[in-house]
Colleague: 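A single structure is presented below for examination.
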Amino acid sequence: MASERYEKGMDVLKDFNLVDQHHPEGHMDIGAGFKDLAPDLEDFVVEFAFGDIYGREGIDPKQKVLVTMASLVAQGIPQIEMHVKTGIKVGLTPEEIVGAIIHILPYAGFPKVLNGLKAVQKVFSEQGITVKTK
């Protein structure tokens, strides 16, 4: 039987996860790929990351995803593509996504921002998304 935290996490996850014909379980790997190594990893991700953290009040889903993307870019973490897709799901515009990443340039540096923008470019290209630039 699932815990209350797990159920809350799954409810929150539905708001952020993209389910389509190519990803029937959603675009996020929440631990299912590690069942043979760490069968409880999915519980940790769902309960803590989504039930406790993403489920907190204080900032809206768009802000949560922007903070997540900025943090991943600043750290040089490769999961940025997954969170760009999440940003699109919660209603961020392409310009907001690009703007947030450009904004961290003086804090994270050119290499990390360029790598982040490459990930954004890949997702946008796959989804046929264009950015309105001046």
Side-chain angles (χ1 to χ4, degrees):
M1 186 161 119
S3 71
E4 283 183 40
R5 283 176 70 216
Y6 188 89
E7 294 297 330
K8 178 183 177 185
M10 288 304 288
D11 287 342
V12 172
L13 181 62
K14 290 174 190 171
D15 294 334
F16 292 90
N17 203 8
L18 292 168
V19 176
D20 61 28
Q21 65 185 10
H22 303 293
H23 304 95
E25 299 296 316
H27 77 288
M28 293 185 185
D29 183 358
I30 59 170
F34 298 100
K35 285 280 188 206
D36 58 332
L37 296 173
D40 52 355
L41 179 61
E42 182 175 337
D43 292 343
F44 297 145
V45 172
V46 172
E47 290 175 357
F48 178 66
F50 289 94
D52 296 343
I53 302 302
Y54 272 85
R56 290 185 82 229
E57 294 182 11
I59 60 175
D60 67 36
K62 289 180 182 182
Q63 293 167 323
K64 290 174 184 179
V65 176
L66 282 174
V67 170
T68 301
M69 285 190 305
S71 176
L72 293 172
V73 170
Q75 296 176 73
I77 305 295
Q79 283 85 359
I80 184 66
E81 287 179 34
M82 177 176 62
H83 291 282
V84 170
K85 292 174 184 176
T86 302
I88 295 164
K89 162 92 185 252
V90 300
L92 288 171
T93 67
E95 295 76 22
E96 288 171 323
I97 292 169
V98 171
I101 293 173
I102 293 292
H103 183 77
I104 65 171
L105 185 59
Y107 309 101
F110 280 96
K112 289 179 180 172
V113 167
L114 291 171
N115 288 337
L117 288 174
K118 274 288 183 198
V120 170
Q121 194 174 42
K122 181 179 178 201
V123 171
F124 285 5
S125 176
E126 290 172 354
Q127 296 193 11
I129 295 171
T130 57
V131 178
K132 296 175 187 149
T133 58
K134 294 180 182 180

Colleague: Report yes or no: does K62 contribute a side-chain atom to a donor-acceptor pair with the main-chain N or O of L92 at less than 3.5 Å?
Modeller: no
Colleague: Of all the heavy-atom pairs spanning N17 and K89, show the shortest one and how long it is.
Modeller: O-NZ, 3.4 Å
Colleague: Nearest 0.5 angstrom please: F50 CZ to R5 CZ, how far?
Modeller: 13.5 Å
Colleague: Tabulate below the donor-acceptor pairs under 3.5 Å that side-chain atoms of residues 71-84 make, not counting sequence neighbours, or state none.
Modeller:
{"unit_1": "S71", "atom_1": "OG", "unit_2": "Q75", "atom_2": "NE2", "d": "2.9"}
{"unit_1": "Q75", "atom_1": "NE2", "unit_2": "S71", "atom_2": "O", "d": "3.2"}
{"unit_1": "E81", "atom_1": "OE1", "unit_2": "K122", "atom_2": "NZ", "d": "3.4"}

Colleague: Please tell me if the side chains of D15 and V90 come closer than 4.5 Å, counting only heavy atoms from C-beta onward.
Modeller: no
Colleague: Could you check I97 against I88 for side-chain contact (heavy atoms from CB on, under 4.5 Å), going step by step and ending with a plain yes or no?
Modeller: CA-CA 9 Å; I97 292 169; I88 295 164; 4.0 Å; yes
Colleague: Any chain of hydrophobic side-chain contacts (each under 4.5 Å) joining F34 to M10?
Modeller: yes
Colleague: Please report the closest heavy-atom contact between A100 and L66, naming both atoms and the distance.
Modeller: CB-CD2, 3.5 Å
Colleague: Taking E126 for its side chain and V123 for its backbone only, find out whether a donor-acceptor pair lies under 3.5 Å.
Modeller: no
Colleague: What is the minimum heavy-atom distance between P94 and V131, and which atoms define it?
Modeller: CB-CG2, 3.9 Å
Colleague: Heavy atoms only: give me the nearest E47-S3 pair and the separation to one decimal.
Modeller: OE2-OG, 2.9 Å
Colleague: Show the nearest heavy-atom pair for residues I102 and P106, with the distance to one decimal.
Modeller: O-CD, 4.3 Å
Colleague: Holding to ring pair (Phe, Tyr, Trp, His ring centres under 6.0 Å), I want the full list of residues that pass it with F16, two or more places apart in sequence or in another chain.
Modeller: Y54
Colleague: Mind checking the CG-CD spacing from D11 to E7? Nearest 0.5 Å is all I need.
Modeller: 7.0 Å
Colleague: What residue pairs, at least two apart or across chains, pass side-chain hydrogen bond (donor to acceptor under 3.5 Å, both in side chains) with a residue in residues 104-118?
Modeller: K118-Q121
Colleague: Name the residue from V45, D52, V46 that meets the side-chain contact (heavy atoms from CB on, under 4.5 Å) definition with F48.
Modeller: D52
Colleague: Any side-chain heavy atom of L105 sitting closer than 4.5 Å to one from F110?
Modeller: yes
Colleague: Look up atom CZ in R56 and atom NZ in K64, then write down how far apart they are to the nearest 0.5 Å.
Modeller: 8.5 Å
